[in-house]
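Inspection log for the structure reproduced underneath, given as structure tokens.
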Number of protein chains: 2
Amino acid sequence: MSRFQEIFLDIESNILNQTYKAGELLPSENKLSKQYNVSRETIRKALTLLLESGYIQKKQGKGSIVLDVKRFDFPISGLTSYKELEEAQHINSETLLIKNQVETLPDQIASFLNIPPSSEVHAVIRGRKVDGETVILDKDYLLTSVIQELPDAEAQKSLYNYIEKELGLTIGYARKEFIVEPATKEDRELMTLHGDTHVVVTRSEVHLEDTTLFQYTESRHRLDKFRFVEFARRRPPMDYNK
Amino acid sequence: MSRFQEIFLDIESNILNQTYKAGELLPSENKLSKQYNVSRETIRKALTLLLESGYIQKKQGKGSIVLDVKRFDFPISGLTSYKELEEAQHINSETLLIKNQVETLPDQIASFLNIPPSSEVHAVIRGRKVDGETVILDKDYLLTSVIQELPDAEAQKSLYNYIEKELGLTIGYARKEFIVEPATKEDRELMTLHGDTHVVVTRSEVHLEDTTLFQYTESRHRLDKFRFVEFARRRPPMDYNK
DNA sequence: TGAGATTTGTCCGTATGTATT
DNA sequence: TAATACATACGGACAAATCTC
């Protein structure tokens, strides 16, 4: 791991364990560079990561203020897998593997993704059961051209773990969309909906680091079990007239 | 504006107008640094902004690949105001100013924000009307200690415009939460709900650049009018055991 | 009010390492 | 193997904002 990432993790843990308390200033960049025995530029890269993660706010002429990160739960954004979330939030849940077979990608999704129709995919459907009720339905399509084999045992555990640890592929980025849709017949059959008329649907296309598309995911949440938290920084409004 | 921001905007517009096409490589960092007559570090800062905005993907040893940004609508994330969104997406809508008066902040919200109870705020309620139906209800509380005056005419237009342009304050960051809640009596009275039982609620606390909290916002959307798009990069899973 | 010290923002040039082709 | 391209790191310089005395 690079030096600035190590320093980021070190300062992060010092914020989380309150060595640096909310509202206080971090040591100045010059002090930190002496303390860690690196150049100021290296410190600044570490601080940039802290800034983007919502841990600090920087102010020219003043310093880096530690924000109050404790009051919020762990952020859910940033391409984190369900398995990781489960561990982070100490949720006790059970995964039901409902389907895992090779099919051709439905035309509708192929055209949405802008790839050739009848591409071959692993179609995986899993239910997430909390307190005896199925509250989330995950539907995944993984291109067989990228992922050759997908054993049931791995699908039952964590797709991301299998892809990154077992296959050695690196996930790069995703585009996600959140909308609310009427519940389908399949939703009512596979989930515990208590008569809800709608579900929250998140759709995402996931790419590897080299930009190849390899996965399309649809995650369907019961209304009362959905929550999304975001940290956002203000950017100057874009000029759309150009 | 700083040089790397100018270069970011320039390359951004070249991607949007397809001078640099999706799937192609940008000129190398060395070439760009000669082209713009700046050091490579300055180019790298501009490319970092492009990376974070989802315009490019960088690959060591290869180059910077232009991503296909056209297929998605404009991203809605990143603290953009309704007024700006409206312009960006060419939506024709009307704003109804339903309330704008000075009150004490409700205890419930004060404790959520972790600030003294009975703080004085401007309480603003606005409806967003599209095609004759009120589909969004915005409830804003702005601390009078930061915002002294709030004329009706400004509340009718854009709060952010008034705060940034008129008052010269700089908005820094916000924490946002998205959940689905049962519609309240007020929702049914003020919005056109067609019998919907739920609404999407986004709650956010907005801070100035110097970290002072100044606004709490609750935006209530009719289910079929809510859509949120995010660009996410993979980060290594955090180690929560430390 | 003002001058000086401190701190972050920006930019430059150089060097070395790593990945790709 | 060699050339190319990005990743990381160092140190220096000056500007701009803030704080203190």
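Minimum atom distance to the side chain of A:K62 is reached by D:dT18, of the listed D:dA9, C:dC11, D:dT18. Of the candidate nucleotides C:dC11, D:dA7, C:dT8, D:dA7 has the atom nearest to the side chain of B:E29. Closest to the side chain of B:Q60, from the set C:dT7, C:dA19, C:dT10, is C:dA19. Here D:dC6 is the nucleotide among C:dG9, D:dC6, D:dA9 with the atom lying nearest to any side-chain atom of B:K58. In the set D:dC6, C:dC12, D:dA9, the nucleotide with an atom closest to the side chain of B:R44 is D:dC6. Nearest nucleotide to the A:F4 side chain, out of D:dC6, D:dC10, D:dA9: D:dA9.
To the nearest angstrom, P of D:dT18 lies 13 Å from CG of A:L25. Distance A:Y36 OH to D:dG11 C1': 21 Å, rounded to the nearest Å. Atom P of nucleotide D:dA9 and atom CZ of B:R40 are separated by 14 Å, given to the nearest angstrom.
For the atom pair CD1 of B:I15 and OG of B:S53, the computed distance is 9.5 Å after rounding to the nearest 0.5 Å.
Centroid-to-centroid, the aromatic rings of A:F228 and A:F178 come within less than 6.0 Å.
Taking the charged nitrogens against the carboxylate oxygens, B:E209 and A:K59 have no contact shorter than 4.0 Å, which rules out a salt bridge.
Donor-acceptor pairing under 3.5 Å, judged by distance alone, is absent between the side chain of A:E41 and the base of C:dC12.
Ring planes of B:Y173 and B:H207: parallel class, angle under 30° (limits at 30 and 60°).
Across all strands shown, B:R3 has heavy atoms under 4.0 Å from sugar-phosphate atoms exclusively, and none from any base.
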